[in-house]
Visitor: 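Before we start, here is the structure in question, set down as C-alpha cells.
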Amino acid sequence: MSDTSIQKNYIYNTAYQILVIMTPVITAPYISRVLGAGNIGKVSYESAIASYFVMFAALGSSSYGAREISYYQNDRKRRTEIFWNLIALRIICSSVCLLFYMYYAIVIRQGSQLCIMMALNIVAAALDVTWLFQGLEDFSKIIGKNALFKIAGIIFIFMFVRSRDDMLLYAFGITLLPAAGNISLWMFIWNDVDRPERKRIKPFHDFASVISLFVPTVAVSIYTMLDKTMLGMADSSGIENGYYEQAVKISKMTLTLLTSLGTVMVPRIGFYFMQNDSERIRQYMYRSYRFVWFLGIPLCLGLTGVSDNLVPWFFGQGYEKVNVLIKILAFLILAIGVNNVTGVQYFIPTQRQSLFTATVFLGLAVNAVLNILFVPKMFSIGAAAASVAAEAVIAVSQIMIVRDELCCRDIVRHIPKYLIAGMTMLGVIRMENVFFYPSVLNTAVMVISGAAVYCVMLAVIHDDFFIGLLSTAAEKIIKPVRKSKEK
C-alpha cells in the first residue's frame, strides 16, 4: 500500500470533481432561466422527501460495505460473502421502502407525476455497488461511470428541457441517469467477487453493524434535508427553496474538491487500522487536516469574494438573493471539510461510529432548533445560517473528542499562514469587484488572479506543504519528458 495509489486515486477523483463542478456551471444558468426558481424549488422539495425513503432503503450499508471491503482487500472469499449479503439486504429494504413510497405518492400526494418519478431514486439505491470499488480503492471504474452519465445528463438537459412545462422531463433526467449509472457498474463486479451461493447468502448476518452506521446516516440525511423540507412548508410557491437550492449547489460543488480526498482516504485508513498501525493513521490524519486548511480557506473566502460578480450573469434576473445565501453557505466548505476528516475518515474506518453518531445528532439538534426559529421569519437565509451553525458545532465537537489521540495544536497550527494568504487574496478580489461589471470573463479573471495571489503569498511565506506539492507536480511532468528524450 503506497502513497502513489492515494495520489492516483485523488487525481482520478479530482478530475471527476472538476466535471461535477463544471456540470452546474454549464447547466445552472440555463435551468434557472428555463424552469424558473419556483419549478426548481418544487423538484428540490420532492427530491428531499424521496431522500428520506432512499435513506431507509440503503440503511448504512454503503459506509459499512466500503469499510468491510477495505478490511479484506486480499481475501476474495470473505469479500464475496460481504458483497452478496449486503446486496440482498439492500434489495429487501429497498423493496419495502418502494412500496411505502408508492403509497405516499399515489394516495397521499394523489398520484403526483413529479412525486412518482422520484421513485427511481429508490431503485438507484437498491442497485448501487460503488461501495465495493471504494473499499478496493478502485476509483477508476466509479469515476469513469460517473463521468459518462454526467455528460449524458448535460446533453439530456439541453436537448429536452426547453420551457417551464418541461419540469417533469428535467426531474426524469436527473433521476433516471443515476439509476442507469448504478446498473452499468454491475458488469465490472466479477473481477472482484465470485457468483453467489444461495444457501450462503445471509442478508441479516451483519444487520446490527449496518444499523450502527445507519443511525448517523439518518441524522445526516435529516438535517441536510430538513432545511429544504421546512422551506417547502413555509413557502408553497417553491421560490425560496429555488434560491436555496441554487446557492447550495454552488457551495457544494466547490466543496467536492475537499471531500474527494475523504473518499480516497477511508479505505486506506481502514486498511492500516486492521494492521494496528496507529502512527501511520495519525500521519495521514494530520495531512488531511492540513489539506482542508490549505484548500478550504481560499475556496471559502474566494467564493464570498466573487459571488457579487458571479450571480447576476450566472443565474440571471430574479436571483439576487442567491448572492447573500452564497456568502453564508461558503463557510460550509471549511466546516464540512473538517467534519469529513474527523468523522468520515477517522471515526468510521476505526469502528467508532458511535462517536460520529453522537456528534451528528448534536448537529441535528442545533439545526432543527435554528430552523424552527429562523425559517418562518428569514426563509432561505435562516436555513443557510442554521446549516452553517450545525456543521460548525459538529466540527468543533469532533475535534474535542479526538484531542487525546490527535494533537489539537498540530491540527490547527497551520491555519494562520493560510488565513493570511487567503485574506490577501480576498482583498485583491474585492478591489477588482469595484471595477469589474458582472460577466463570464470578469469572474474568470477574478478567480485566476485570486488563485495566483494566494499561491504567491504561500511561496513568499515558504509554506512547505505548498512547495512540496509543486515539487511533486514538477517531478511528474519532468520525469516522463526525460525518459522520452533518453529514448
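Just so it is clear, the model here is predicted, and its values are computed rather than measured.
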Visitor: Which pair of heavy atoms, one from I328 and one from A385, lies closest together, and at what distance?
Guide: CG2-N, 4.0 Å
Visitor: So M102 and I116, do their side chains get closer than 4.5 Å, heavy atoms only?
Guide: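 Answer yes - side chains close enough.
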Visitor: Identify the two heavy atoms, one from Q398 and one from G343, that lie closest to each other, and give their separation to 0.1 Å.
Guide: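 Looking at all heavy atoms of both residues, the closest pair is OE1-N, 3.5 Å.
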Visitor: Which residues pass the side-chain contact (heavy atoms from CB on, under 4.5 Å) test with I415, sequence neighbours left out?
Guide: W293, I297, V412
Visitor: Going by salt bridge (Lys or Arg N to Asp or Glu O under 4.0 Å), name the pairs with one or both residues in residues 92-108, residues two or more places apart or in two chains.
Guide: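 Qualifying pairs: none.
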Visitor: Could you tell me which non-hydrogen atom of A119 sits nearest to which non-hydrogen atom of L98, and how far apart they are?
Guide: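 Taking A119 first and L98 second, the nearest heavy atoms are CB-CD1, 3.9 Å.
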Visitor: Carefully, step by step, assess E391 and F331 under the rule side chain to side chain contact (heavy atoms under 4.5 Å, CB included).
Guide: CA-CA 9 Å; E391 293 290 354; F331 290 92; over 6 Å; no
Visitor: Using 0.5 Å steps for rounding, measure from the OG1 atom of T342 to the CZ atom of F356.
Guide: 10.0 Å
Visitor: Holding to ring-ring contact (aromatic ring centres under 6.0 Å, His included), I want the full list of residues that pass it with F56, two or more places apart in sequence or in another chain.
Guide: F214
Visitor: Could you give all pairs that pass the salt bridge (Lys or Arg N to Asp or Glu O under 4.0 Å) test and reach residues 335-348, with sequence neighbours left out?
Guide: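 Sorted result for residues 335-348: empty, none.
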Visitor: Enumerate the salt bridge (Lys or Arg N to Asp or Glu O under 4.0 Å) contacts for residues 171-192, please, sequence neighbours excluded, ordered by first and then second residue.
Guide: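 Counting only pairs at least two positions apart or across chains, no salt bridge (Lys or Arg N to Asp or Glu O under 4.0 Å) contact touches residues 171-192.
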Visitor: Report yes if the side chains of D128 and R90 come closer than 4.5 Å at any heavy-atom pair, otherwise no.
Guide: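 Yes - at least one pair of side-chain heavy atoms lies under 4.5 Å apart.
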Visitor: Determine the minimum heavy-atom distance between I122 and C97, stating which atoms define it.
Guide: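 For I122 versus C97, the nearest heavy atoms are CD1-O, 4.2 Å.
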Visitor: With a 4.5 Å heavy-atom cut-off, do R162 and V34 have their side chains touching?
Guide: no
Visitor: Heavy-atom distance under 4.5 Å between the side chains of L185 and T130, does that happen here?
Guide: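 Yes - at least one pair of side-chain heavy atoms lies under 4.5 Å apart.
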Visitor: Determine, stepwise, if the pair F347 / I401 fulfils side chain to side chain contact (heavy atoms under 4.5 Å, CB included).
Guide: CA-CA 10 Å; F347 286 153; I401 289 172; 3.9 Å; yes
Visitor: For the atom pair OG (S94) and CG (N121), what is the distance rounded to the nearest 0.5 Å?
Guide: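 CG of N121 is found 11.5 Å from OG of S94.
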Visitor: How long is the span from the OG atom in S387 to the CG atom in L332, to the nearest 0.5 Å?
Guide: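 That separation rounds to 6.0 Å.
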Visitor: Is there a side-chain contact between V341 and Y346 (heavy atoms, below 4.5 Å)?
Guide: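 Counting from C-beta outward, V341 and Y346 never come under 4.5 Å.
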Visitor: Using the side-chain contact (heavy atoms from CB on, under 4.5 Å) criterion, which residues pair with R200? Sequence neighbours excluded.
Guide: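 K77, E81, E197.
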Visitor: Which pairs count as salt bridge (Lys or Arg N to Asp or Glu O under 4.0 Å) when at least one residue sits in residues 336-357, sequence neighbours excluded?
Guide: R352-E405
Visitor: Once you measure the plane-to-plane angle for F291 and F294, does it fall in the parallel (<30°), tilted (30-60°) or perpendicular (>60°) bin?
Guide: tilted
Visitor: Carefully, step by step, assess L406 and Y289 under the rule side chain to side chain contact (heavy atoms under 4.5 Å, CB included).
Guide: CA-CA 11 Å; L406 302 171; Y289 282 119; 4.1 Å; yes
Visitor: By the ring-ring contact (aromatic ring centres under 6.0 Å, His included) test, which pairs, at least two apart or in different chains, include something from residues 110-133?
Guide: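 Every ring-ring contact (aromatic ring centres under 6.0 Å, His included) pair that includes a residue of residues 110-133, provided the two are not neighbours, is F83-W131.
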Visitor: Using the test side-chain contact (heavy atoms from CB on, under 4.5 Å), find all partners of Q110 that sit at least two apart in sequence or belong to another chain.
Guide: none
Visitor: Roughly how far, to the nearest 0.5 Å, is CG of L362 from OG1 of T357?
Guide: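 With rounding to 0.5 Å, OG1 (T357) is 12.5 Å from CG (L362).
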Visitor: Quick test of your reading: applying side-chain hydrogen bond (donor to acceptor under 3.5 Å, both in side chains), list the pairs with at least one residue in residues 96-107, sequence neighbours left out, ordered by first then second residue.
Guide: Y104-R109
Visitor: Is the F100 to F53 ring centre distance short of 6.0 Å?
Guide: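 No, ring centres 6.0 Å or more apart.
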Visitor: For residues 171-181, dump all side-chain donor-acceptor pairs below 3.5 Å to protein atoms at least two apart in sequence or in another chain.
Guide:
from: T175; atom 1: OG1; to: A171; atom 2: O; distance (Å): 2.9
from: T175; atom 1: OG1; to: F172; atom 2: O; distance (Å): 3.1

Visitor: Is any side-chain heavy atom of N85 closer than 4.5 Å to a side-chain heavy atom of F204?
Guide: no
Visitor: Determine the minimum heavy-atom distance between N182 and W186, stating which atoms define it.
Guide: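 Heavy-atom minimum between the residues: O-CD1, 3.3 Å.
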Visitor: List in chain and number order the residues that pass ring-ring contact (aromatic ring centres under 6.0 Å, His included) with F156, two or more places apart in sequence or in another chain; answer none if no residue qualifies.
Guide: F160
Visitor: Flag the pair T27 / F158 as yes when at least one side-chain heavy-atom distance between them is below 4.5 Å, and no otherwise.
Guide: yes
Visitor: Look only at the side chain of T80 and the backbone of D194, and say whether a donor-acceptor pair between them is shorter than 3.5 Å.
Guide: yes
Visitor: To check you understand the geometry: which heavy-atom pair defines the closest contact between V388 and L329, and what is its length?
Guide: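 Answer, listing the atom of V388 first, then L329: CG2-CA, 4.2 Å.
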Visitor: Taking the side chain as every heavy atom from C-beta outward, state whether S95 and I91 have any atom pair closer than 4.5 Å.
Guide: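 S95 reaches I91 side chain to side chain.
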Visitor: Donor-acceptor pair, R164 side chain versus N39 backbone, under 3.5 Å?
Guide: no
Visitor: Could you tell me whether a side-chain N or O of N339 sits under 3.5 Å from a main-chain N or O of A335, the two making a donor and an acceptor?
Guide: yes
Visitor: Measure the spacing between CZ of R282 and CG of D410 and express it to the nearest 0.5 Å.
Guide: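 Going from the CZ atom of R282 to the CG atom of D410 covers 10.5 Å.
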